[in-house]
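Keep in mind that what you see is a predicted model, and the values were worked out from it rather than measured. Just so you know, ligand 1 is whichever comes first in the structure, and atom 1 is the first atom listed for that ligand.
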Amino acid sequence: MTNAAREVERLRAELRRHEHLYYVADSPEISDAEYDALMRRLMELEKEHPELASPDSPTGRVGGKAREGFVKVRHSSPMLSLDNALNEAELRDFDRRVRELLRGESYRYMAELKMDGLSTAMRYRNGRFVQAVTRGDGEIGEDVTENARTIRSLPLRVEADEGLRDGFEARGETVMNRRAFERLNAERDANGQARFANPRNAAAGSLRVLEPRVTASRRLDFHPYFLLVEGEPALGSQSEALETLERLGFKVSRQRRLCGGVEEVLEFCARWEAERDTLPYEIDGVVVKVDAVAQQRALGFTAKAPRWAIAYKYPARQAKTRVVGIEVQVGRTGTLTPVAVLEPKEVGGVTVSRATLHNEDEIGRLGLEIGDEVVIERSGDVIPKVVRVSVQGSPRKPFRMPARCPVCGGTVVREEGESASRCINTNCSARLKQSILHFASRGVMNIDGLGEALVEQLVDKGLITNVADLYSLTVEQLENLDRMGAKSAAKLVENIGKSKRNPLPRVLAALGIRFVGERTANFLGDSFGELDAIAGATVEELQEAEEVGPKVAESIYRFFREPRNQSLVEGLRQAGLVFSQEIKRSIVGPFHGLTFVLTGSLPNLSREEAKRRIEEAGGKVAGSVSKKTHYVVAGEDAGSKLAKAKQLKIAIMNEEQLLALLGD
Ligand code: IVH
């Protein structure tokens, strides 16, 4: 080893130790400045000696190159959700079911805090962090490895025990603590960007950005709650799993308790409900799990959740405050949404100053007038809302939906049978601003750097009259705007240019057609393949796409009949956006969601061929038979796997039957 290599190794080990002391154990031994100095030295060395680079180096924490999108990854086993218990009686019901199903065996519960973030799977191989996958739909998530690497409390290297050495997965919650959340929102206010409604949205928005540097700046934390090997619990009990994760260097929540029975669980729940505001991060309840994995297996799963665990949910937190005004916001489709402006009030550690009122009917239902004292509520994942009027104000002033749009002065109408009032001026600048923000947003065209303050200026100065104009903006036009310089202007023009490469479904979603979000856009792209085919389709034809019903089809049809929208589409075509894609023949194969096991030798297909054919049809092929197996395909000389399948009463088929299912 060269001297440089030795120094690099030493620095990395030292930095890892200090990271753990600081971010996990919460007991730093050196100052931030000393830490920074070590990090700088390591960066220098890695720059001088690129051959020494390594993905698990602490320098990776600062966030490397941006990416264009996220790759989809299948989970090693589904990431399910939990059933909820909303009160003590429901928790006792859960306990009774467990007791009955375990028929007299004694059992214990692990009680853990239910943190409010997003569940993520962190994969390790040979003691190194190799991949992070978001929950997604539970079966398939998104690869966010580069972003997760910047989470300081996530160990990039661990001294794996026997049994974990080849590979393991730590599943847990990625969260943003309250301090980081408040700081982020203050920053966003200052930059004229939209606030995040709660720490959970902020954590999700920070992990799913294309720019790892942004994640790095957001100070996320990862708290694991499962330890898996090949998708199955790695140890005999949940308590051992958590202890092991702790020993490996993960930040496992200390607030947990192994309970002898439901009474102890209830005590734990009550204690943390009373003390939840003292925690640095948001919790929305307690997760209760049967501790022994053998008993978990015996209890099994319902269609969507385990029978051996439950989420005891705390009620949403409420507080009282006064409504000092009601503002009206104009959305991208012209919808007018009344928003209550509140005397700022802390609700469960987060300061709330606005709450949505949805529409006129909702205000009527609440009997709300300006000046009233109201009860507001914040539950983990939603925007704060007004629950009821607690004391009528004096004076108080009724709210009336304006007859003219507060932004453009255009006519406001409320159609028969609809609860929403709408500004019908398609040239309304509020609508245009919102359309541009939608167009540029995450998950749509992903144009970084195009925030609210900038869009305001672009529209107000007449630089943009429809979204297609974005593509002809020049550095010269941009650099003279407020809070812009030559450099950020050039960067923005570059980002806008890059967005031209977004695939067709993104472009479709970006158009802002009512009811057409990311999901529907994907289905439309899959069945039509061309924007022009969608634009030209009849209402009936549109309904041939998956999940497109009459209402959605009608909305798409009408959109493309408007001259204004037609010229927008032409503008985007001129700009060179992607208007076509290959049509996927089968999106999900006939075997989607099914697990097969192959045993014995098949008359015609080799093992590899059979496996490939099953996988092409969307199925999975597993090595051994378990309760999760759907079919065993048996050939000549099938041995113990066949016996096991019979014992577990799993469907058995031969090659001929398999080929028939495959449509041969
Ligand atoms: S166990 C199948 N443990 O709550 C088991 N979940 O509704 C599911 N969560 O999606 C997860 N803290 O995002 C578990 N200590 C904890 C948790 C926890 C937070 C979240 C997780 C999950 C949701 C369950």
For this session: Please lay out, stage by stage, how Arg92 and Glu88 fare under the test salt bridge (Lys or Arg N to Asp or Glu O under 4.0 Å).
Result: CA-CA 6 Å; Arg92 289 186 187 277; Glu88 180 177 332; 2.9 Å; yes

Problem set entry | Ring centres under 6.0 angstrom apart (Phe250, Tyr124) |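 Ring centres of Tyr124 and Phe250 closer than 6.0 Å.
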
For this session: Establish, from distance only, whether the side-chain atoms of Gln238 and Tyr225 form a donor-acceptor pair under 3.5 Å.
Result: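 There is no such pair (donor and acceptor under 3.5 Å, judged by atom type) between the side chains of Gln238 and Tyr225.
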
For this session: Taking the side chain as every heavy atom from C-beta outward, state whether Asn198 and Asp116 have any atom pair closer than 4.5 Å.
Result: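 They are not in contact (no side-chain heavy atoms under 4.5 Å apart), so the answer is no.
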
For this session: Return the set of residues passing side chain to side chain contact (heavy atoms under 4.5 Å, CB included) with Thr595 (not counting sequence neighbours), or none when no residue passes.
Result: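 Testing Thr595 for side chain to side chain contact (heavy atoms under 4.5 Å, CB included), a comparison that skips the adjacent residues, returns Lys620, Ala622, His630.
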
Exercise. If you round to the nearest 0.5 Å, how far is OG of Ser624 from NZ of Lys641?
Worked result: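 OG of Ser624 is found 7.5 Å from NZ of Lys641.
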
Starting from the N and O atoms of ligand 1, find every protein N or O within less than 3.5 Å and list the pair with its distance.
unit_1, atom_1, unit_2, atom_2, d
ligand 1, 3 (N), Lys289, NZ, 3.0
ligand 1, 4 (O), Lys114, NZ, 3.3
ligand 1, 7 (O), Leu82, N, 3.4
ligand 1, 12 (N), Met115, N, 3.3
ligand 1, 13 (O), Ser119, OG, 3.4
ligand 1, 13 (O), Glu173, OE1, 2.6
ligand 1, 13 (O), Glu173, OE2, 3.1
ligand 1, 15 (N), Glu112, OE1, 2.7
ligand 1, 15 (N), Leu113, O, 3.4

